[in-house]
Amino acid sequence: MNGNKLREREPLIFERSTPGAVGYQLPALDVEPVDPERTLGADLVRGEIRELPEVSEVDVVRHFHRLSRWNYAVDDGLYPLGSCTMKYNPRLNEELARLPGFSQVHPLQPAEDVQGALRLMWELEQALVGITGMARVTLQPAAGAHGELTGMLMIRKALKDRGEHRSTVLIPDSAHGTNPASAVFAGFKVKELASTPAGTLDLQALEQELAGGDVAALMITVPNTLGVFEPEIARAAAMLHEKGAFLYMDGANLNAFVGVASPGKMGADALHINLHKTFSTPHGGGGPGAGPVAVSELLEPYLPVPVVEKRDGRFFLDSDRPKTIGKVRSFYGNFGIMVRAMAYILSLGRNGLKGMAEAAVLAANFLRRALEEDYHLAYESPTLHEVVFDDSLQKRFGVTNMDIAKRLLDYGFHAPTVSFPLIVHGALMIEPTDSEGLAELEAFAAAMKAIAREARENPEIVKTAPHTTPVRRPDEVRAARQPILRWMPDGGQGS
Amino acid sequence: MNGNKLREREPLIFERSTPGAVGYQLPALDVEPVDPERTLGADLVRGEIRELPEVSEVDVVRHFHRLSRWNYAVDDGLYPLGSCTMKYNPRLNEELARLPGFSQVHPLQPAEDVQGALRLMWELEQALVGITGMARVTLQPAAGAHGELTGMLMIRKALKDRGEHRSTVLIPDSAHGTNPASAVFAGFKVKELASTPAGTLDLQALEQELAGGDVAALMITVPNTLGVFEPEIARAAAMLHEKGAFLYMDGANLNAFVGVASPGKMGADALHINLHKTFSTPHGGGGPGAGPVAVSELLEPYLPVPVVEKRDGRFFLDSDRPKTIGKVRSFYGNFGIMVRAMAYILSLGRNGLKGMAEAAVLAANFLRRALEEDYHLAYESPTLHEVVFDDSLQKRFGVTNMDIAKRLLDYGFHAPTVSFPLIVHGALMIEPTDSEGLAELEAFAAAMKAIAREARENPEIVKTAPHTTPVRRPDEVRAARQPILRWMPDGGQGS
Amino acid sequence: MHRYQPGEGDRRRILEFLGKSSVEELLAPIPQELRIGELPLPLGMAEEEVRRILREWAASNVTAEEKTSFLGAGVYRHVVPAVMDAVLSRAEFFTAYTPYQPEVSQGTLQAIFEFQTFVCLLTGMDVANASLYDGATAVVEAVLQASRLRPEGRKVFVSRLLHPDYLATLRTYAEAAELELVELPWDNTGRTDLSRVAPEGAVAVVVQSPNVVGVVEDLAAVRRAAGEALAIQAVAEATSLGLLAPGGAFGFDVVCGEMQAFGLPPSFGGPHVGFFATRKEYLRQMPGRLVGQTIDAEGQRAFVLTLSTREQHIRRAKATSNICTNHSLMALGVTVVLSLLGQKGVRELALASHAKACYLKKRLAELAPKVRLAFPNSPTYNEFLLLREKPEQLLARLSEEGILGGVATPLLAPYLPVGILVAVTEKNTREECDRLVEALGRLA
Amino acid sequence: MHRYQPGEGDRRRILEFLGKSSVEELLAPIPQELRIGELPLPLGMAEEEVRRILREWAASNVTAEEKTSFLGAGVYRHVVPAVMDAVLSRAEFFTAYTPYQPEVSQGTLQAIFEFQTFVCLLTGMDVANASLYDGATAVVEAVLQASRLRPEGRKVFVSRLLHPDYLATLRTYAEAAELELVELPWDNTGRTDLSRVAPEGAVAVVVQSPNVVGVVEDLAAVRRAAGEALAIQAVAEATSLGLLAPGGAFGFDVVCGEMQAFGLPPSFGGPHVGFFATRKEYLRQMPGRLVGQTIDAEGQRAFVLTLSTREQHIRRAKATSNICTNHSLMALGVTVVLSLLGQKGVRELALASHAKACYLKKRLAELAPKVRLAFPNSPTYNEFLLLREKPEQLLARLSEEGILGGVATPLLAPYLPVGILVAVTEKNTREECDRLVEALGRLA
Ligand SMILES: Cc1ncc(COP(=O)(O)O)c(C=O)c1O
Ligand SMILES: Cc1ncc(COP(=O)(O)O)c(C=O)c1O
């Protein structure tokens with residue numbers, strides 16, 4: 001029955017090499033060929049890199065086609081990775097980002113050649129200002145974590161300008177790992193705040209910490225990573241501000257309340273927005289995304305340069321901003337991602353954006369209710385856009401959240417997030433997003449329920465899952481202990 | 001273990017309908033709405049078609065994504081359908097056919113707006129003239145069969161102009177089914193010619209038939225559908241011409257000798273070329289293709305109108321051709337397919353085109369040699385671009401060509417052509433094409449050999465194949481006896 | 001070696017395996033006297049060079065999108081959802097062959113089954129096939145099917161208000177089929193004059209609705225006039241089926257035509273896609289491929305090509321059509337667009353096109369006598385005819401101002417009333433309409 | 001309802017299932033005082049309307065393809081095989097997340113493993129990561145890795161001939177990391193002046209080669225000068241690695257930078273893709289994701305994300321970098337292009353770019369004194385600097401003639417020699433070079 005095993009493996013592109021095959025042809029060389037040993041000197045040049053593959057275009061197309069078919073993707077179905085907001089990526093946006101007028105523009109062309117590109121950035125900034133209720137937005141950061149760092153660097157600079165040397169950043173224990181890492185790379189020390197039994201910010205703990213005077217900022221996710229709204233967020237902001245500290249908001253979960261409430265009203269000083277989450281730009285198997293940072297007026301002078309300005313109907317890049325933190329990357333940001341987000345915002349409009357939040361909240365609440373008899377709810381607090389269960393009901397049968405995740409793959413779904421948030425042991429963090437209709441939600445719930453049943457009645461099938469995927473439970477320990485991180489020509493093992 | 005069965009079915013798009021879902025938004029209506037019952041009259045209008053689906057864009061994307069994944073395609077691997085020439089479809093050609101300057105041109109724009117389009121047609125005609133050695137080419141026919149009909153209509157008209165009323169068309173028994181069908185729709189009677197034991201044209205039989213005086217033409221495929229070159233083709237042409245009859249050549253197998261020999265030298269009066277075979281335009285799951293017809297000077301006056309002409313560096317459409325057979329379809333042909341073929345011809349050039357024929361012949365001969373011990377060769381004659389085995393060695397174990405075909409699917413390959421040519425009982429007609437490198441050829445040969453072994457040792461597994469596909473041996477008899485040809489809203493059975 | 005072909009190493013190893021010293025040995029069966037020298041073509045080009053050349057040619061076309069366009073006459077500019085091309089770009093669809101092996105072709109098969117269903121729903125007919133080449137050949141196939149069903153008849157009454165290419169194509173085929181085409185003129189309302197139809201012993205009556213001058217035919221009258229002969233409706237502007245009662249509602253025998261209007265790019269005239277729908281009684285006389293639903297070895301729903309005993313690869317000289325490769329991928333494109341539009345959109349799109357055409361028609365009527373509506377009181381969907389001598393000159397002046405004001409009827413056929421055929425879709429804005437009115441008022 | 005969201009029917013049924021009468025009940029946890037009114041945005045638009053607006057914006061850019069371009073300075077115009085975008089358009093790739101579940105992500109994982117291999121082969125290093133955001137952040141990560149490996153050191157010697165954006169970004173990060181950047185000037189050959197490097201106790205020496213003025217640095221000298229400090233090579237023009245001996249050949253500790261040159265579209269500056277390669281001894285201090293090979297439960301080869309104890313989601317505040325989402329899809333694009341180019345193409349492309357640049361450089365040298373080569377006798381790959389006062393004005397005049405003659409260095413950084421940075425690739429024809437020479441001769 002294993003006939004197709006013959007074809008299930010696709011070799012590495014290097015292993016497909018056959019002598020003399022080529023996958024390209026360059027335009028004919030219309031100038032005199034040069035001898036690089038003469039033009040450059042022998043010690044500066046290298047020869048052909050023999051280990052590179054020799055393959056035809058057909059080989060390359062087949063190779064990547066076959067590889068692609070081993071991926072699960074949003075187009076395959078519900079992709080419930082909590083916190084990741086795996087929603088539909090509109091095809092229109094892909095079409096528009098590929099317009100030569102966007103994709104073929106060099107960042108250093110004269111301003112009069114790139115008015116459309118600058119306008120797009122300007123309009124996107126305006127839209128994000130409108131959505132967040134903040135003063136300004138930088139589009140430069142390449143991803144959420146990069147946005148966090150940028151925001152925290154601005155806070156650092158603002159404190160410095162005030163002559164203050166605060167070094168502590170408070171971060172709830174439910175936070176995403178990038179929060180503490182970014183704080184550290186921005187030059188701060190991190191102090192973790194334990195969450196309340198409701199899973200939310202502990203105001204008392206906050207008060208205590210603030211008393212010390214060393215607190216630069218609180219970094220907090222709203223709604224938090226349990227999908228629970230922080231009811232005291234405005235209070236917290238006030239307390240922070242009173243003590244001269246800042247509120248940094250992780251906007252990864254902005255999709256829960258777009259058009260309903262705003263970070264501006266909550267008192268945020270800075271927040272990053274993942275265009276690749278809330279605003280539907282594709283995740284690409286791990287990026288590129290974009291992590292614009294919206295700031296309050298207080299932080300506006302510190303924005304990275306350049307910013308886009310408009311004067312007399314013309315757009316231009318302005319780097320003449322004395323208080324800027326400088327640059328956080330090359331050029332102006334992931335422009336191709338901005339195009340997609342802009343198209344999305346125009347497509348949804350004010351009605352569709354609010355509808356997005358509503359649909360996300362409806363879907364998460366449906367799954368919560370549909371599954372709460374079969375899976376233990378980590379926190380009882382009301383759910384917004386995502387819901388976190390744990391595996392405590394299944395553990396009795398020796399079945400862990402990881403087993404459940406793997407078994408879902410057999411049912412034709414991607415798995416939820418399983419190792420996060422850290423405050424939930426055995427977490428199953430489920431975010432269905434606004435893209436999912438009831439039929440898909442029901443199918444997912446049915447699969448989850450079937451697995452709960454299997455866990456009771458036939459736990460072995462869950463513990464040894466998946467059974468239907470091209471590979472099964474790769475040995476991760478071995479991967480880390482004897483790292484092979486590249487192909488080696490002699491069939492040897494690249495470290 | 002059947003976990004993923006839950007998701008293996010994708011409902012019909014109609015079955016995905018949920019009330020109120022929409023997959024579109026039209027531009028806002030900026031004129032007064034009208035009441036069609038008033039503007040058109042109540043008996044001319046209809047209401048909403050209730051059975052049409054209500055689905056979101058997400059639903060539609062997922063639906064077709066999932067459907068696509070049940071197809072085998074050239075990008076998956078070798079696709080050995082004999083006679084169909086399933087070769088690589090270059091991505092460059094797809095890119096170029098989608099240039100707005102080609103795809104967004106209306107066929108009735110003024111000539112000065114469409115010089116580029118006309119030029120492309122003109123250049124493609126020149127290229128095909130050069131490749132075939134014929135006098136002119138019409139690009140109008142939409143496919144091979146359509147080209148056959150067009151060619152035969154020209155022959156009919158030419159005979160009529162000569163005042164002759166010949167009604168018989170001779171066609172070897174190895175011919176493709178479209179040949180006799182096209183001859184009949186062109187108003188002829190078909191007389192089948194039995195092939196020689198070598199599988200080729202029987203010159204004596206031809207002579208006999210020609211003696212009768214009613215023969216209008218011979219329709220013949222070169223190389224024939226066994227992949228065997230017709231050694232006496234030039235003789236046959238001379239005999240036909242001598243008797244005032246025409247030689248129609250089915251050019252579906254042109255890929256075997258492009259750049260090596262030419263239909264013009266063989267004496268063809270008309271031949272169609274499948275751009276979707278020899279010239280790599282994609283088959284699209286059954287079209288669109290294009291079937292240009294190349295003709296000798298004798299038939300040139302009869303070409304369908306319009307033809308593209310060039311005068312003083314400008315291109316124009318000419319319909320003023322008194323002897324034309326008229327039109328065989330709307331407008332000028334499948335222009336989008338012509339763009340792809342033109343790009344292919346430029347990419348290959350004279351060297352690559354000849355290389356294509358050589359690679360096709362090499363690949364077919366490799367498979368012939370690799371498999372001739374395991375499968376019975378239908379004809380011993382030398383192989384050009386395809387090779388036909390039969391199942392006589394496997395029949396002993398109760399295994400038919402259809403079983404072998406199905407079993408190949410388990411091995412991750414498409415099946416060869418199995419019900420054609422009719423002169424080979426239990427045919428396995430294999431055409432690897434010029435796209436396939438040795439590794440893929442060897443993998444296919446290994447699969448075929450493994451099946452031959454299974455047929456001997458474990459025939460049941462072959463006879464009940466496939467075992468790994470989303471559906472298995474659909475009941476074709478039932479489909480024909482109780483035809484269900486459409487979805488019905490009540491879950492009923494559309495006939 | 002060429003980038004589309006295997007490498008020199010493979011070639012050498014195959015030759016070794018075969019014990020040959022050169023490919024020429026394998027080509028030996030091709031007699032020397034049939035051989036040619038080098039092809040009269042340039043050497044193979046780099047991708048970048050091919051791109052440069054074809055881009056240059058493409059750039060020397062002015063697209064209908066770069067101007068304000070009111071061109072129709074068989075090819076219409078409706079909205080094209082981005083999803084459509086994304087689906088057609090799936091290699092699984094566009095690089096597959098005709099679905100001969102159902103086990104590895106369920107994707108194509110199910111999509112075509114859906115296409116067939118959409119066609120049935122739009123036309124009000126029982127059964128539809130998997131596609132034909134285009135509208136013109138669809139009409140031909142309808143007439144040929146009719147002649148199989150009325151084998152004694154030879155006469156086919158055909159409206160002269162068919163799209164001229166459809167009529168021309170029908171003439172070409174009819175001659176070979178030895179059918180007598182009786183071409184019906186039009187009356188002063190722009191509808192086909194049915195008074196000459198003599199249905200006894202006739203094969204069929206063929207009209208197009210909306211017809212080539214944009215007028216919606218009285219299908220009930222056509223059906224009555226056809227009597228025992230088959231009644232055939234051709235449709236060139238398929239979105240009209242979202243608003244107009246189709247032949248199926250009037251007891252027609254065939255509704256067929258062109259589906260391009262549902263989102264396929266104009267592509268200088270092709271590839272588009274023909275559709276063909278008829279009554280289930282005629283199933284075994286239908287042309288073209290059919291996909292049917294059945295069950296597989298495990299009892300699951302599955303789709304297959306069916307009733308192929310009608311087709312050339314089985315029936316050969318006796319097939320109901322010679323068609324083999326059809327226009328499957330374009331049918332898929334239309335299926336995607338129809339799925340997106342769905343219940344509400346199919347009607348909304350038709351209504352919007354109609355409303356905009358009504359607006360423009362009314363405003364242009366006010367320009368009389370500079371231009372005049374040919375059939376001012378007749379029902380039209382989204383296309384109508386303006387009478388005007390020497391329309392080419394006027395259109396040329398409009399074109400200089402960036403307006404493709406319509407199609408000059410002399411370009412279509414010499415027998416049509418001389419004037420300009422104006423098509424309007426939901427993509428034309430009111431402002432575009434106003435610009436045309438203003439320019440015509442000035443230039444006409 | 002919106003086309004990207006489920007229908008009203010689903011919404012109603014979910015509310016019923018939940019026993020709620022409105023979504024507002026579910027939103028109740030959000031305090032009223034945080035609520036907002038309607039967003040200050042228009043209503044959702046039709047696809048066609050969005051397309052019209054964004055096309056209009058796109059059309060108001062002049063693309064580098066519409067002019068003759070010699071722009072480089074960090075973003076290069078090389079050939080882009082059509083296959084690349086076809087692969088990136090596969091939904092299986094672009095709509096997938098980071099490959100957390102290896103069983104359903106082998107496609108992405110294997111492709112990244114191949115990317116890592118390509119980077120190692122090009123740089124001559126042992127290990128490479130799965131990508132970083134861009135060249136600038138790659139340099140930052142290299143310096144931060146170095147500072148983890150030299151925890152006592154604070155001094156980083158960095159060439160002022162780094163791409164100015166790389167240097168600016170490094171300054172931003174270095175301040176927070178409390179590293180002291182010692183910026184190295186250049187000598188009269190356009191190479192970094194290494195005389196001030198005092199390696200004892202230093203963290204690293206960072207140079208870019210080819211550097212921002214196009215000169216190939218003497219990496220052997222840099223390695224020597226660095227002593228105990230880490231030697232870091234930044235690369236902004238990755239195709240140069242097809243011709244120039246990389247840092248790996250000289251014992252460098254890190255080779256990192258930007259891979260855009262291998263076929264990624266300029267996209268007004270991003271997304272592109274950073275790469276990072278280092279020695280295997282430093283593996284556990286590396287930033288970013290790594291894909292490793294292992295075996296699965298059945299002993300088959302499989303790929304997984306590995307060594308993630310270095311990363312933020314495990315190590316949090318102690319992670320080697322804060323990066324999470326990286327630039328995977330762009331890394332895939334580069335992997336496709338490198339696969340197509342392969343052994344011969346990687347070198348041929350570099351050689352062609354170099355040969356054309358040599359041609360142009362030589363011809364421009366003849367224009368002296370109108371313009372002068374800044375470093376006439378220094379080795380350059382495909383970019384070089386012309387000295388010229390007020391380069392913006394001259395470039396503006398060239399631009400009017402359809403030539404993007406290069407990048408004015410004042411646009412890049414105030415401290416660079418004033419002039420024009422000219423980049424040439426295999427896409428520039430001889431004729432384009434001649435046009436630039438002619439125009440400069442006339443206008444300069
Ligand atoms: C809550 C939260 N914060 C921050 C991030 C980091 O965003 P990115 O991956 O774009 O760097 C993520 C994404 O994984 C997240 O879920
Ligand atoms: C030998 C031969 N002749 C004619 C045809 C008909 O061509 P088409 O399918 O393009 O109509 C085919 C294709 O199947 C063929 O193989």
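Quick note: numbers below take in every heavy atom, side chains included, and nothing from hydrogens, waters or symmetry partners. What you are looking at is a predicted structure, and each value in this text was computed from that prediction instead of being measured.
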### Query
Are the charged groups of A:E94 and A:R98 less than 4.0 angstrom apart, N to O?
yes

### Query
Does a side-chain heavy-atom distance below 4.5 Å link A:E48 with D:V346?
no

### Task
Tell me, for D:R347 versus chain A, whether the close heavy atoms (under 4.5 Å) come from the side chain, the backbone, both or neither.
side chain

### Summary
When rounded to the nearest 0.5 Å, the distance separating OG of D:S339 from CD1 of A:I13 is 4.5 Å

### Task
Would you kindly say whether A:H63 and A:E10 are connected by a side-chain donor-acceptor distance under 3.5 Å?
yes

### Message
Please classify the contact between D:Q106 and chain A as side chain, backbone, both or neither, with a heavy-atom cut-off of under 4.5 Å.
### Response
both

### Query
Top residue by heavy-atom pair count (under 4.5 Å) with chain A, among D:Y100, D:Y359, D:F93?
D:F93

### Query
Non-hydrogen atoms of chain D under 4.5 Å away: do they reach the side chain of A:R329, the backbone, both or neither?
both

### Task
Please look at A:L12 and chain D and tell me whether the side chain, the backbone, both or neither of the residue comes under 4.5 angstrom of a heavy atom of that chain.
both

### Query
Counting heavy-atom pairs under 4.5 Å to chain A, which of D:L39, D:V291, D:L307, D:T98 comes out on top?
D:L39

#### Entry: Structural part of A:Y88 lying under 4.5 Å from a heavy atom of chain D
side chain

### Task
Check each atom of A:M266 against the heavy atoms of chain D and say whether the ones under 4.5 Å are side chain, backbone, both or neither.
both

### Task
Report yes if the distance between the aromatic ring centroids of D:F268 and A:H106 is under 6.0 Å, otherwise no.
no

### Heavy-atom contact with chain A under 4.5 Å, split by part of D:L34
both

### Task
Answer yes if the ring centres of D:Y133 and A:H146 are under 6.0 angstrom apart, and no otherwise.
yes

### Message
Under 4.5 Å from any heavy atom of chain A, what part of D:S89 do you find: side chain, backbone, both or neither?
### Response
both

### Query
Are A:Y72 and A:Y79 near enough that their ring centres are under 6.0 Å apart?
yes

### Summary
In terms of heavy-atom pairs under 4.5 Å with chain D, the winner among A:V260, A:L120, A:V339 is A:V260

### Task
Tell me, for D:R90 versus chain A, whether the close heavy atoms (under 4.5 Å) come from the side chain, the backbone, both or neither.
side chain

### Task
List for me each residue that meets ring-ring contact (aromatic ring centres under 6.0 Å, His included) alongside A:F14, sequence neighbours excluded, and say none if there are none.
A:W487, D:F118

## Note on the structure
CD1 of A:I233 to CD1 of D:I30, rounded to nearest 0.5 Å, is 12.0 Å

### Query
What residue, out of A:P382, A:G259, A:G326, A:A359, has the most heavy-atom pairs lying under 4.5 Å from chain D?
A:G259

### Check: A:F185 ring centre within less than 6.0 Å of D:Y173 ring centre
no

### Task
Could you tell me which portion of D:V87 (side chain, backbone, both or neither) has an atom closer than 4.5 angstrom to a non-hydrogen atom of chain A?
side chain

### Query
Which of the residues A:S68, A:G23, A:G437 is involved in the greatest number of heavy-atom pairs with chain D at under 4.5 angstrom?
A:S68

### Query
Would A:R472 and D:E298 pass as an ion pair if we require N to O under 4.0 Å?
yes

### Query
For D:R315, is it the side chain, the backbone, both or neither that has a heavy atom under 4.5 Å from a heavy atom of chain A?
neither

### Query
Do D:L283 and A:P483 have side-chain heavy atoms sitting under 4.5 Å apart?
yes

### Summary
Heavy-atom closest pair (D:L54 atom, A:L99 atom, distance to 0.1 Å) is O-CD1, 4.2 Å

### Basic-acidic side-chain contact under 4.0 Å: D:E38, A:K354
no

### Task
Give the minimum heavy-atom separation between D:T172 and A:K327, together with the two atoms involved.
OG1-O, 2.6 Å

### Query
Of the listed residues (D:L243, D:T325, D:V304), which shares the most heavy-atom pairs with chain A below a 4.5 Å separation?
D:L243

### Query
Is A:E32 paired with D:R430 through a side-chain N to carboxylate O contact shorter than 4.0 Å?
yes

### Query
Where does D:H2 contact chain A at under 4.5 Å (heavy atoms): side chain, backbone, both or neither?
side chain

#### Entry: Proximal component of A:M342, with respect to chain D [non-hydrogen, under 4.5 Å]
side chain

### Query
Charged N to carboxylate O under 4.0 angstrom, A:E54 versus D:K344?
yes

### Summary
Cut-off 4.5 Å, heavy atoms of chain A, and the answer for D:R301 is both

### Query
Checking heavy atoms, do the side chain of D:L71, its backbone, both or neither come under 4.5 Å from chain A?
both

#### Entry: Interface moiety of A:V60 toward chain D, non-hydrogen atoms closer than 4.5 Å
side chain

### Query
So what's closer than 4.5 Å to chain D heavy atoms on A:L96: side chain, backbone, both or neither?
side chain

### Query
Any salt bridge between D:R11 and A:E358, counting N to O under 4.0 Å?
yes

#### Entry: chain D contact via A:L153 - side chain, backbone, both or neither, heavy atoms under 4.5 Å
side chain

### Message
Between A:V31 and chain D, with a heavy-atom cut-off of 4.5 Å, which part of the residue counts as in contact: side chain, backbone, both or neither?
### Response
both

### Task
Could you look at A:A183 and say if it's the side chain, the backbone, both or neither that has a heavy atom under 4.5 Å from chain D?
neither

### Task
Among D:S267, D:C433, D:S60, D:P40, single out the residue with the greatest number of heavy-atom pairs under 4.5 Å to chain A.
D:S267

### Query
Given that the side chain runs from C-beta out, which part of D:L332 has a heavy atom under 4.5 Å from chain A: side chain, backbone, both or neither?
side chain

### Query
Are any of the side-chain nitrogens in A:K406 or D:E103 under 4.0 Å away from the carboxylate oxygens of its partner?
yes

#### Entry: Segment of A:A370 engaging chain D (4.5 angstrom heavy-atom cut-off)
both

### Task
With a 4.5 Å cut-off on heavy-atom pairs, point out which of D:V83, D:T309, D:I314, D:L395 contacts chain A the most.
D:V83

#### Entry: Residue part contacting chain A, namely of D:P81, when any heavy atom lies under 4.5 Å
neither

#### Entry: Heavy-atom pairs under 4.5 Å with chain D, option from A:V22, A:L92, A:N89 with the top count
A:L92

### Query
With chain D, which of A:V190, A:V471, A:V74 has the greatest number of heavy-atom pairs at distances under 4.5 Å?
A:V471

### Task
Pick whichever of A:G289, A:G133, A:P36 has the most heavy-atom pairs under 4.5 Å with chain D.
A:P36

### Summary
Applying a strict 4.5 Å limit to non-hydrogen atoms, the region of D:V75 in contact with chain A is both

### Task
With a 4.5 angstrom heavy-atom cut-off, could you sort out which part of A:E95 is near chain D: side chain, backbone, both or neither?
side chain

### Task
For residues A:F335 and A:Y332, establish whether the separation of their ring centroids is below 6.0 Å.
no

### Message
Tell me every residue that passes side-chain hydrogen bond (donor to acceptor under 3.5 Å, both in side chains) with D:D134, counting only those two or more places apart in sequence or in another chain.
### Response
A:S330, D:T137

### Portion of D:E33 that has a non-hydrogen atom of chain A nearer than 4.5 angstrom
backbone

### Task
May I ask you to test the D:V50-D:I53 pair for a side-chain heavy-atom distance under 4.5 Å?
no

### Region of A:Y24 in contact with chain D, defined by heavy-atom distances below 4.5 Å
both

### Region of A:P110 that comes under 4.5 Å of a non-hydrogen atom in chain D
side chain

### Task
Mind ranking D:M330, D:H354, D:R13 by heavy-atom pairs under 4.5 Å with chain A and telling me who comes out on top?
D:H354

